[in-house]
Amino acid sequence: MGTVLEEARFAVAFTCKMKDAAAKYWPQAISKIHIQPQGILTTPNVSFDIDTFLQNSGMMHIAAHIFLLICGLRRVKDPLYLVEAFAEWHERDPSICLVIIGPTVDPVFTSEVRSKLHNIDGVYLVEEIPLADVQALIKRSFAVVNSSLSEGMSAAILEAMDLEVPVLARDIPGNAAIMNHEDTGLIFSNPTEFVKLAKRLMSEPDLKRKITNNAKNYIRSHHSWELERETYQNLVQICLTDGL
């Protein structure tokens, strides 16, 4: 990484904390690191037949409260972290379920996930679909969930915020960098706390409304795709001007 950074004309960090972390290892590169958060543009497919898709994926009765976990199937995303908690909760309240969706990144781990979920009720692993369809599924969901062990900056979280769907995310630095607990989302430290917060979200409409409104405003202020485009265009233009 140090060699690549040394050869690079510029580097881009999503947050100040990322830049500071890089500077500890490569202080000589601090001047070439620019901060630009991910820009988000959501265009959900309004014609996507979500209910049919879910039924074809094994959900015979569409749950009233769908919690959606979007991730590439690999260990760092830890998609099984909340499975037992959801199974127990679903047994007491069939109106809730967890839907896990994303591409197979690690085939061996994906097989482990499928095996784990084979006899578990209330948790569904569904096939990868186009981004516009995923965003339509986000809008149809009660909440989006992130249970990763590590994140840079989760596009799924930002998309949910933009689509005014509440987010419950694991307490890790990458998530805490873009969410404030009980302000723009809910942050949990363990499965028990997740269930407690999810139930609050279901029973407190004012909390849900506050979170989604604040999150939408946060996206408008900090994750403009136009600003992201402008930043990269400026960096490329500098390279072209310098003849690099």
Side-chain angles (χ1 to χ4, degrees), residues 14-15 17 37-38 40-42 44 50-51 54 59 61-71 77-79 81-101 122-124 134-149 151 153-224:
F14 287 151
T15 66
K17 286 186 177 181
Q38 284 193 85
I40 288 297
L41 176 65
T42 55
I50 297 171
D51 286 356
L54 291 174
M59 190 184 299
H61 303 286
I62 306 302
H65 299 96
I66 296 173
F67 291 81
L68 183 64
L69 173 57
I70 306 165
C71 68
K77 298 300 182 180
D78 206 8
Y81 183 62
L82 298 172
V83 164
E84 296 291 346
F86 259 101
E88 294 175 8
W89 188 14
H90 175 79
E91 187 175 2
R92 298 191 301 271
D93 181 0
S95 77
I96 65 97
C97 75
L98 174 65
V99 173
I100 303 171
I101 186 169
V123 181
Y124 302 88
V134 172
Q135 292 177 351
L137 185 55
I138 290 174
K139 282 190 67 68
R140 171 67 172 75
S141 300
F142 177 76
V144 164
V145 179
N146 180 290
S147 60
S148 298
L149 292 166
E151 287 282 0
M153 181 172 285
S154 169
I157 289 179
L158 298 177
E159 289 167 1
M161 288 178 164
D162 191 50
L163 292 167
E164 299 179 77
V165 174
V167 176
L168 296 103
R170 194 169 181 173
D171 190 6
I172 56 174
N175 290 342
I178 56 175
M179 291 176 59
N180 290 321
H181 183 58
E182 296 190 359
D183 179 44
T184 54
L186 296 173
I187 298 177
F188 61 89
S189 299
N190 55 63
T192 300
E193 186 178 17
F194 167 83
V195 173
K196 180 180 178 180
L197 291 172
K199 288 180 176 179
R200 275 193 64 196
L201 199 61
M202 291 169 61
S203 63
E204 299 180 26
D206 288 344
L207 175 63
K208 181 180 179 182
R209 191 177 306 110
K210 182 185 80 168
I211 285 173
T212 53
N213 288 342
N214 290 347
K216 179 70 173 182
N217 291 333
Y218 166 77
I219 293 296
R220 288 172 177 161
S221 301
H222 297 86
H223 295 277
S224 161

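If you're wondering where the values come from, they're calculated on a predicted model, not measured in any experiment. Numbering of residues begins at 1 and proceeds along the displayed sequence.
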With sequence neighbours excluded, tell me which residues meet salt bridge (charged side-chain N to carboxylate O under 4.0 Å, His left out) with [X].
{"X": "Glu204", "value": "Arg200"}
{"X": "Asp183", "value": "none"}
{"X": "Arg209", "value": "Asp206"}

Derivation of the side chain to side chain contact (heavy atoms under 4.5 Å, CB included) call for Leu54 and Ile66: CA-CA 11 Å; Leu54 291 174; Ile66 296 173; 3.7 Å; yes
Between Phe14 and Ile178, does a side chain to side chain contact (heavy atoms under 4.5 Å, CB included) hold up when you go through it step by step? CA-CA 10 Å; Phe14 287 151; Ile178 56 175; over 6 Å; no
Taking all atoms of both residues into account, what is the closest heavy-atom pair of [X] and [Y], and its distance?
{"X": "Ala198", "Y": "Leu168", "value": "N-CD2, 3.8 Å"}
{"X": "Lys77", "Y": "Ser148", "value": "CD-OG, 3.3 Å"}
{"X": "Gln135", "Y": "Leu163", "value": "O-CD1, 3.5 Å"}
{"X": "Ser147", "Y": "Asp78", "value": "OG-O, 3.0 Å"}
{"X": "Thr15", "Y": "Ala177", "value": "CG2-CB, 4.2 Å"}
{"X": "Pro191", "Y": "Ala85", "value": "CB-CB, 3.9 Å"}

Can you name the side chain to side chain contact (heavy atoms under 4.5 Å, CB included) partners of [X], sequence neighbours left out?
{"X": "Ser189", "value": "Asp171, Glu193"}
{"X": "Ala136", "value": "Pro44, Phe48, Ile50"}
{"X": "Ala215", "value": "Met161, Thr184"}

Would you say the side chain of [Y] lies within less than 4.5 Å of the side chain of [X], judging by non-hydrogen atoms?
{"X": "Ile138", "Y": "Ile70", "value": "yes"}
{"X": "Val99", "Y": "Met59", "value": "yes"}
{"X": "Tyr81", "Y": "Asn190", "value": "yes"}
{"X": "Arg170", "Y": "Leu82", "value": "no"}
{"X": "Asp51", "Y": "Arg140", "value": "yes"}

Quick one: [atom1] on [X] to [atom2] on [Y], what's the gap to the nearest 0.5 Å?
{"X": "Leu68", "Y": "Asn146", "atom1": "CG", "atom2": "CG", "value": "11.5 Å"}
{"X": "Trp89", "Y": "Ile96", "atom1": "CH2", "atom2": "CD1", "value": "5.0 Å"}
{"X": "Leu186", "Y": "Asn180", "atom1": "CG", "atom2": "CG", "value": "11.5 Å"}
{"X": "Met202", "Y": "Leu207", "atom1": "CE", "atom2": "CG", "value": "13.0 Å"}
{"X": "Leu98", "Y": "Leu69", "atom1": "CG", "atom2": "CG", "value": "6.0 Å"}
{"X": "Met179", "Y": "Ile187", "atom1": "CE", "atom2": "CD1", "value": "5.0 Å"}

Does Ile172 form a side chain to side chain contact (heavy atoms under 4.5 Å, CB included) with Leu149? I'd like the steps, not just the answer. CA-CA 7 Å; Ile172 56 174; Leu149 292 166; 5.9 Å; no
What pairs of residues pass the salt bridge (Lys or Arg N to Asp or Glu O under 4.0 Å) test when at least one of them lies in residues 155-169, not counting sequence neighbours? Asp162-Lys216
Kindly state each residue pair satisfying salt bridge (Lys or Arg N to Asp or Glu O under 4.0 Å) with at least one member in residues 83-101, sequence neighbours excluded. Glu84-Lys116
What residues, two or more places apart in sequence or in another chain, satisfy ring-ring contact (aromatic ring centres under 6.0 Å, His included) together with Phe142? His65, Phe67
Got a sec, which residues hit ring-ring contact (aromatic ring centres under 6.0 Å, His included) with Tyr218, two or more places apart in sequence or on another chain? His222, His223
Pairing residues for Asn213 by the side chain to side chain donor-acceptor pair (under 3.5 Å) criterion, not counting sequence neighbours: none
Once ring pair (Phe, Tyr, Trp, His ring centres under 6.0 Å) is applied, what residue pairs with a partner in residues 158-180 remain, sequence neighbours excluded? none
Main-chain N/O of Glu182 paired to Lys210 side chain as donor or acceptor, under 3.5 Å: yes
